[in-house]
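Here's the structure we're looking at; comments come further down.
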Amino acid sequence: MRISDRLTRLQPAATRVVSEKAADLRRQGRDIISLSTGEPDFVSPSAVMDAARQALDAGHTFYTPAAGLLELREEVARYYKTRFNLDYEAREVMIGAGGKPLLFEACAALLNPGDEAIIIAPAFVSYVEQVRFCDAKPVIIETDPQTLDFSLDDIRAAITDRTRIIMLNAPNNPSGRIYSDDLVVGLCELAIEHDLTIINDEIYERIVFDGLTYRNPLNFYPAARDRMLHINGASKSLAMTGWRIGFAIGPAELIKRMTMLQGHNTSGPNSIAQWAALSGLRNGQDQIDAMAAQYQKRKNLITARLGRMPYLRYIPPQGAFYIFADIRATYGKSIDGMIITDDVSFCEALLEYAEIAAIPGAAFLQPGFFRMSFATSEDIIETAMTRMHRFLAALA
């Protein structure tokens, strides 16, 4: 059986690989703490669970429109009006089976073979693979390792006549960075100047820290409305990862084309999950805020512990629920004869000797760093940080 070249070029998501390895070691009896997966540890809010039961009892088990339930699309439009004071109609919204399928459908709708997509490092693991699957070329913009900010001059220099999209992700996975207004305005100006589309992945927009406020790019550059596709969803803010519900909001023609592709792919998202997400948006806002407050406490705990450890330099996250730390000071050091030469070997040693699963920065296009998720309990964070401190202290 011949497998397509597109698929043989595809690399597995590093986050899933590490999580599965950690699960395998756990089955072998190892006491593994997994800080690898970007998944809330909260159960979905009661408004979500109750609505799902009611939808089942009401027999809402049939196909929905390919773009998703009209009621949910209207509610997403209302949410964007309430949250960001942006006016969208239901025809400018589609519901997908999670954020990833919507990102893929956006790439498929916008990229021809040979086109180019600008991706700012560090970046979510699936961006590069989705662009490559469309026979397009990912163009990686390296950032300042001290700040993880990008340079507008670097992006301008990378734009060619084949450039079609710029991927923007804030709060960023893995770094938690929220880029400055000036940088985002600069991206919008470049998009208009060069006829580009910005795919604005803001899935973590409800999880921000230390009194900061996340603002949608259109709040300070409304002229880019026709150049902007927003990707959001229920997975992070409503702790609905397994329900697989994402939102795409943008120009009607692009939404129409993405919907057509979705109709030939999944036919649309799960009906019960859509009714559950609708109730979550309508009735779960207090629980969203309560979960965000818990993430703030966990961020405070893990950064306080990390601040006392040798060799690590972390950039304080402004949002999401990750720590992205520079571990280049450990290069050349060893533990029990295992020498750390890069971020991959660091994570391998951390898993073997501290029984902590984390993701190497190379998976996010930023070698020399590693990512830990703090979407877990304070007790687990305390235990993990004790193990990590002991591990780092043992390096020689």
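- For the atom pair CE (Met385) and CG (Leu392), the distance works out to 9.5 Å, reported to the nearest 0.5 Å.
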Practice prompt. Let me see the working for Asn265 and Glu105 under side chain to side chain contact (heavy atoms under 4.5 Å, CB included), right down to the final yes or no.
Written response: CA-CA 10 Å; Asn265 182 22; Glu105 287 157 3; 4.1 Å; yes
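- Looking at Ser279, its side chain does come within 3.5 Å of a backbone N or O of Ala47 through a donor-acceptor pair.
- Using a 4.5 Å heavy-atom threshold, the side chains of Met338 and Lys333 count as separate.
- When atom types are taken as modelled, the side chain of Thr143 and the backbone of Ala121 share a donor-acceptor pair closer than 3.5 angstrom.
- When the side chains of ILVMFWY residues are joined at heavy-atom separations under 4.5 Å, either directly or via intervening members, Leu110 and Ile249 end up in two distinct hydrophobic clusters.
- Listed here is the closest heavy atom pair of Gly38 and Lys236: O-NZ, 2.6 Å.
- A donor-acceptor pair under 3.5 Å links the side-chain atoms of Arg244 to the main chain of Thr241, judged by distance alone.
- Scanning both residues, Ala248 and Leu102, for their nearest heavy atoms gives N-CD1, 3.7 Å.
- Put simply, the side chain of Arg305 does not reach to within 4.5 Å of the side chain of Met388, judged on heavy atoms.
- Under a 3.5 Å cut-off, the side chain of Arg164 and the backbone N or O of Asp161 do form a donor-acceptor pair.
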Worksheet item: Between Ile155 and Ile120, is a side chain to side chain contact (heavy atoms under 4.5 Å, CB included) present by the stated rule, with each step listed?
Response: CA-CA 9 Å; Ile155 291 182; Ile120 301 166; 4.0 Å; yes
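- Summarising the geometry, atom CE belonging to Met258 is positioned 8.0 Å from atom CG belonging to Leu103; distances are rounded to the nearest 0.5 Å.
- By the 6.0 Å contact criterion, CG on Asp5 is open, its count of non-hydrogen atoms from other residues, nucleotides or ligands being 12 or less.
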Fill in: side-chain hydrogen bond (donor to acceptor under 3.5 Å, both in side chains) assessment of Asn232 paired with Tyr79
CA-CA 11 Å; Asn232 208 326; Tyr79 175 83; 5.3 Å; no
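- Of the options Tyr314, Phe364, Phe346, a ring-ring contact (aromatic ring centres under 6.0 Å, His included) to Phe370 is made by Phe346 and by none of the others.
- The environment of NZ in Lys297 is sparse: at most 12 heavy-atom neighbours from other residues, nucleotides or ligands sit within 6.0 Å.
- The line from CG of Leu350 to CE of Met372 is 8.0 Å long, rounded to the nearest 0.5 Å.
- For Arg73, there are no salt bridge (charged side-chain N to carboxylate O under 4.0 Å, His left out) partners at least two apart in sequence or on another chain.
- Note: Ile192 CD1 to Glu189 CD = 7.5 Å, rounded to the nearest 0.5 Å.
- Considering only heavy atoms from C-beta on, Phe62 stays 4.5 Å or farther from Ser271 through its side chain.
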Item to complete: Please step through side chain to side chain contact (heavy atoms under 4.5 Å, CB included) for the pair Arg177 and Ile315, ending with a clear verdict.
Response: CA-CA 9 Å; Arg177 295 286 291 131; Ile315 296 171; 4.1 Å; yes
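- Remark: side-chain polar atoms of Glu116 are not paired, donor with acceptor, to backbone N or O of Lys137 under 3.5 angstrom.
- Within a 6.0 Å sphere centred on CG of Leu212, heavy atoms belonging to other residues, nucleotides or ligands number more than 12.
- Ion pair Lys81/Asp87 flagged as a salt bridge, since at least one NZ, NE, NH1 or NH2 atom sits closer than 4.0 Å to an Asp/Glu carboxylate oxygen.
- A salt bridge does not link Asp153 with Arg156: none of the charged nitrogens is closer than 4.0 Å to a carboxylate oxygen.
- A side-chain donor-acceptor contact under 3.5 Å links Gln285 to the backbone of Leu281.
- Electrostatic pairing of Arg328 and Asp342 does not count as a salt bridge here, judged by no charged N lying under 4.0 Å from a carboxylate O.
- Note that CG of Asn173 is 9.0 Å distant from OG of Ser373, once rounded to the nearest 0.5 Å.
- One hydrophobic cluster, built from ILVMFWY side chains closer than 4.5 Å, cannot hold both Leu229 and Tyr221; they sit in different ones.
- In terms of heavy atoms, Ala158 sits closest to Ile141 at CB-CD1, 3.6 Å.
- Taking CG of Asp326 as the reference point, atom CD of Gln146 lies at 7.0 Å (rounded to 0.5 Å).
- Within a 6.0 Å sphere centred on CD of Glu142, other residues, nucleotides and ligands contribute 12 heavy atoms or fewer.
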Worksheet entry | From CA spacing to verdict: side chain to side chain contact (heavy atoms under 4.5 Å, CB included), Ile165, Leu196 | CA-CA 5 Å; Ile165 64 177; Leu196 309 178; over 6 Å; no
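- Note: Phe209 and Phe374 have tilted aromatic rings, judged against thresholds of 30 and 60 degrees for the angle between ring planes.
- Residues Val93 and Ile95 meet the side-chain proximity criterion, which asks for heavy atoms closer than 4.5 Å.
- Between the side chains of Asp24 and Gln28, a donor-acceptor pair is found at a separation under 3.5 Å.
- Taking the ring centre of Tyr322 as origin, the terminal cationic atom of Arg371 falls inside the region bounded by 6.0 Å and 45° from the ring axis.
- Side-chain contact between Trp275 and Gln54 is absent, with no heavy-atom pair separated by less than 4.5 Å.
- Of all heavy-atom pairs between Leu35 and Ala384, the closest is CD1-CB, 4.0 Å.
- Other residues, nucleotides and ligands contribute only 12 or fewer heavy atoms inside 6.0 Å of the CZ atom of Arg6.
- The shortest side-chain heavy-atom distance between Leu72 and Met94 does not fall under the 4.5 Å cut-off.
- Within the 3.5 Å criterion, the main-chain N or O of Ala90 finds no donor-acceptor partner in the side chain of Glu74.
- Taking the centre of each ring, Phe247 and His230 stay at or above the 6.0 Å mark.
- Taking the centre of each ring, Phe391 and Tyr353 stay at or above the 6.0 Å mark.
- Side-chain atoms of Arg26 come within 3.5 Å of backbone N or O of Ile32 as a donor-acceptor pair.
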Item to complete: Step by step, work out the side-chain hydrogen bond (donor to acceptor under 3.5 Å, both in side chains) result for Asp210 and Gln296.
Response: CA-CA 8 Å; Asp210 303 323; Gln296 173 76 63; 2.9 Å; yes
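- A donor-acceptor pair under 3.5 Å is absent between the side-chain atoms of Thr37 and the main chain of Glu39, judged by distance alone.
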Worksheet item: Yes or no on ring-ring contact (aromatic ring centres under 6.0 Å, His included) for Tyr295 and Phe42, after CA distance, side-chain angles and deciding distance?
Response: CA-CA 11 Å; Tyr295 291 130; Phe42 300 108; 5.5 Å; yes
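- Panel note: side chain Asn169, backbone Asp201; a donor-acceptor pair is recorded below 3.5 Å.
- Annotation: Tyr214 is not in aromatic contact with Tyr204 [ring centroid separation under 6.0 Å not met].
- Using a 4.5 Å cut-off on side-chain heavy atoms (C-beta onward), Ile231 and Glu202 make no contact.
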